Amino acid sequence: MKAMLVCPDQSLEWREVGEPVLHDGEVLIDIKCAACNRADILQRAGKYPSPVGCPEWMGLEVAGVVAETRSEKYKVGDRVCALLGGGGYAERVAVNAGMALPIPAGLSFEAAAAIPETFATAYLNLVSEAKIKAGDTVLIMAGASGLGTAAIQVAKHFGARVITTVGSDDKIEPLKKLGADIVVNRKTGDLGAIMDANPVDIALDCAAGSSFGENFLRMNHGGRWIIISTLAGEVSEINLRGVMKKGLRLIGSTLRSREPEEKYCILDSMRESLWGGFESGELAPVIYKVLPICEAERAHDIMNGDHVGKVVLMV
């Protein structure tokens, strides 16, 4: 089969690799689509390698058809999407059946490929970590990203009020149409003032950076601030007395590094909670562009630019 490999100069090449080896409890998926994530760009740069035992090439979420199975959970021909440790930029992948999910009725392969990593990350952090409830005010950084567009929908699904940030004014209306109540241009707006007027119960933060410490103290009593990446910087100053007085909680969280058994539970819970929303149309992955797998470099360039939603590769 073929897979997208990273060359020494970090260019990408679609070339022959060995076929996946299927083990007990696994399914072999003929991949139709793979969604791109920022982790793919980091992996391409040599900063975020696949976990031990996973293929070396990129790709954290796919959709396709079961071609072979050594699990009773799925049969040959089933349409599935799957969460991977790596290996999605390829023609086929073998994965534990617990990492696969049936594609919600009515969804295309392109849309389904954008669910497993993105919506699981939003669900894990808003539901499992932060214990979201109706009436909470949730701050979502970088709302126009693939994760951001998913997190806005998940938060609204559970009855929360959503504040989100963007990097340009042309992203404001698309995110309001997704359900965001307040959208702040981080370059021209004053997030601190917005938070003072609208105290936040939960924050989902992929940026962090120097302003984090000050904004952390603007949360409601008992607020939960979840950091999933540090794109704006890794260092910030925090007044710890303020943290104690408000009973604030800072949570560091990643999905990829969790044990497989925990991921199975996250995916099962997400399916139970969200699949009805996907099938009714209440929830829907936001797809910015679909490109052939041979244009993976272009897809990564788009992700480094100005866009709303996910970029998906068609195999």
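Just so you know, residue 1 is the first one in the sequence shown, and it goes up from there. Everything numeric in this text was worked out from a predicted model, so none of it was measured.
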Return yes if some donor-acceptor pair links the side-chain N/O of [X] with the main-chain N/O of [Y] below 3.5 Å, else return no.
X: Lys2; Y: Val17; value: no
X: Arg92; Y: Leu28; value: no
X: Ser273; Y: Met270; value: no
X: Glu237; Y: Ser210; value: no
X: Lys32; Y: Val65; value: no
X: Arg44; Y: His300; value: no
X: Gln153; Y: Ala284; value: yes
X: Asp190; Y: Ala193; value: yes
X: Arg218; Y: Gly192; value: yes
X: Ser145; Y: Ala142; value: yes

- request: Before giving the answer on side chain to side chain contact (heavy atoms under 4.5 Å, CB included), spell out for Leu283 and His157 the whole-Å C-alpha distance, their side-chain angles and the decisive distance to 0.1 Å.
  value: CA-CA 8 Å; Leu283 302 171; His157 179 77; 4.2 Å; yes
What's the spacing between [X] [atom1] and [Y] [atom2] if we round to 0.5 Å?
X: Thr121; Y: Leu204; atom1: OG1; atom2: CG; value: 9.0 Å
X: Lys171; Y: Thr165; atom1: NZ; atom2: OG1; value: 9.5 Å
X: Ile226; Y: Glu129; atom1: CD1; atom2: CD; value: 6.0 Å
X: Ile31; Y: Met314; atom1: CD1; atom2: CE; value: 13.5 Å
X: Leu313; Y: Met58; atom1: CG; atom2: CE; value: 9.0 Å
X: Ile266; Y: Ser128; atom1: CD1; atom2: OG; value: 6.0 Å

Does a donor on one side chain and an acceptor on the other come within less than 3.5 Å for [X] and [Y]?
X: Arg70; Y: His23; value: no
X: Ser253; Y: Arg258; value: yes
X: Gln43; Y: Ser50; value: yes
X: Ser71; Y: Glu26; value: no

query: What's the verdict on salt bridge (charged side-chain N to carboxylate O under 4.0 Å, His left out) for Asp136 and Lys133, showing C-alpha distance, side-chain angles and the deciding distance?
result: CA-CA 6 Å; Asp136 280 342; Lys133 63 183 186 301; 2.9 Å; yes
message: Surrounding CD of Glu19 (heavy atoms of other residues, nucleotides or ligands, distance under 6.0 Å), is the total greater than 12?
response: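 Yes.
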Within 6.0 Å of CD in Glu72, more than 12 heavy atoms from elsewhere: no
query: Do the ring centers of Tyr123 and Phe119 come within less than 6.0 Å of each other?
result: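 No, they do not, as the ring centres are separated by 6.0 Å or more.
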- request: Would you check, one step at a time, whether the test side chain to side chain contact (heavy atoms under 4.5 Å, CB included) holds for Leu191 with Met141?
  value: CA-CA 10 Å; Leu191 178 59; Met141 298 294 196; 3.7 Å; yes
When you compare the side chain of [Y] with that of [X], does any pair of heavy atoms fall below 4.5 Å?
X: Met99; Y: Leu267; value: yes
X: Asp40; Y: Tyr89; value: yes
X: Asp30; Y: Glu91; value: no
X: Ile172; Y: Val166; value: yes
X: Leu255; Y: Glu117; value: yes
X: Val162; Y: Ile182; value: no
X: Pro285; Y: Lys310; value: no
X: Thr164; Y: Ile152; value: yes

Test of understanding: clusters of I, L, V, M, F, W, Y form through side-chain heavy atoms closer than 4.5 Å, transitively. Do [X] and [Y] belong to the same one?
X: Val6; Y: Trp57; result: no
X: Val27; Y: Val21; result: no
X: Ile202; Y: Ile140; result: yes
X: Leu291; Y: Trp14; result: yes
X: Phe109; Y: Val315; result: yes

Closest non-hydrogen atom pair, [X] against [Y]:
X: Asn220; Y: Pro199; result: OD1-CB, 3.1 Å
X: Ala208; Y: Ile227; result: CB-CD1, 4.2 Å
X: Cys36; Y: Met303; result: CB-SD, 3.3 Å
X: Leu60; Y: Ala39; result: CD1-CB, 3.7 Å
X: Ala112; Y: Cys81; result: O-CB, 3.6 Å
X: Glu234; Y: Thr230; result: CG-OG1, 3.4 Å

task: Under the salt bridge (charged side-chain N to carboxylate O under 4.0 Å, His left out) rule, what do Lys176 and Asp181 come out as? Steps first, then yes or no, please.
output: CA-CA 6 Å; Lys176 285 189 173 181; Asp181 299 279; over 6 Å; no
message: If you apply the rule side chain to side chain contact (heavy atoms under 4.5 Å, CB included), what do you find for Leu240 with Ile238, and how did you get there?
response: CA-CA 6 Å; Leu240 297 178; Ile238 305 174; 4.2 Å; yes
message: If the test is side-chain contact (heavy atoms from CB on, under 4.5 Å), which one of Leu248, Val200, Asn215, Ile251 qualifies with Trp225?
response: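 For Trp225, the side-chain contact (heavy atoms from CB on, under 4.5 Å) test succeeds with only one of Leu248, Val200, Asn215, Ile251, which is Asn215.
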- request: For salt bridge (charged side-chain N to carboxylate O under 4.0 Å, His left out), just list the numbers for Lys75 and Asp78, CA-CA rounded to whole Å, side-chain angles, deciding distance to a tenth of an Å, and then say yes or no.
  value: CA-CA 6 Å; Lys75 65 182 184 298; Asp78 283 346; 3.0 Å; yes
message: Assess the residue pair Val290 and Val311 against the criterion (side chain to side chain contact (heavy atoms under 4.5 Å, CB included)); give the C-alpha distance rounded to whole Å, side-chain angles, the decisive distance to 0.1 Å, and a yes or no.
response: CA-CA 6 Å; Val290 178; Val311 180; over 6 Å; no
message: Does the plane of the ring in Trp275 sit parallel, tilted or perpendicular to the ring in Phe278? Use 30° and 60° as the thresholds.
response: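 Judged by the thresholds at 30° and 60°, the geometry between Trp275 and Phe278 is perpendicular.
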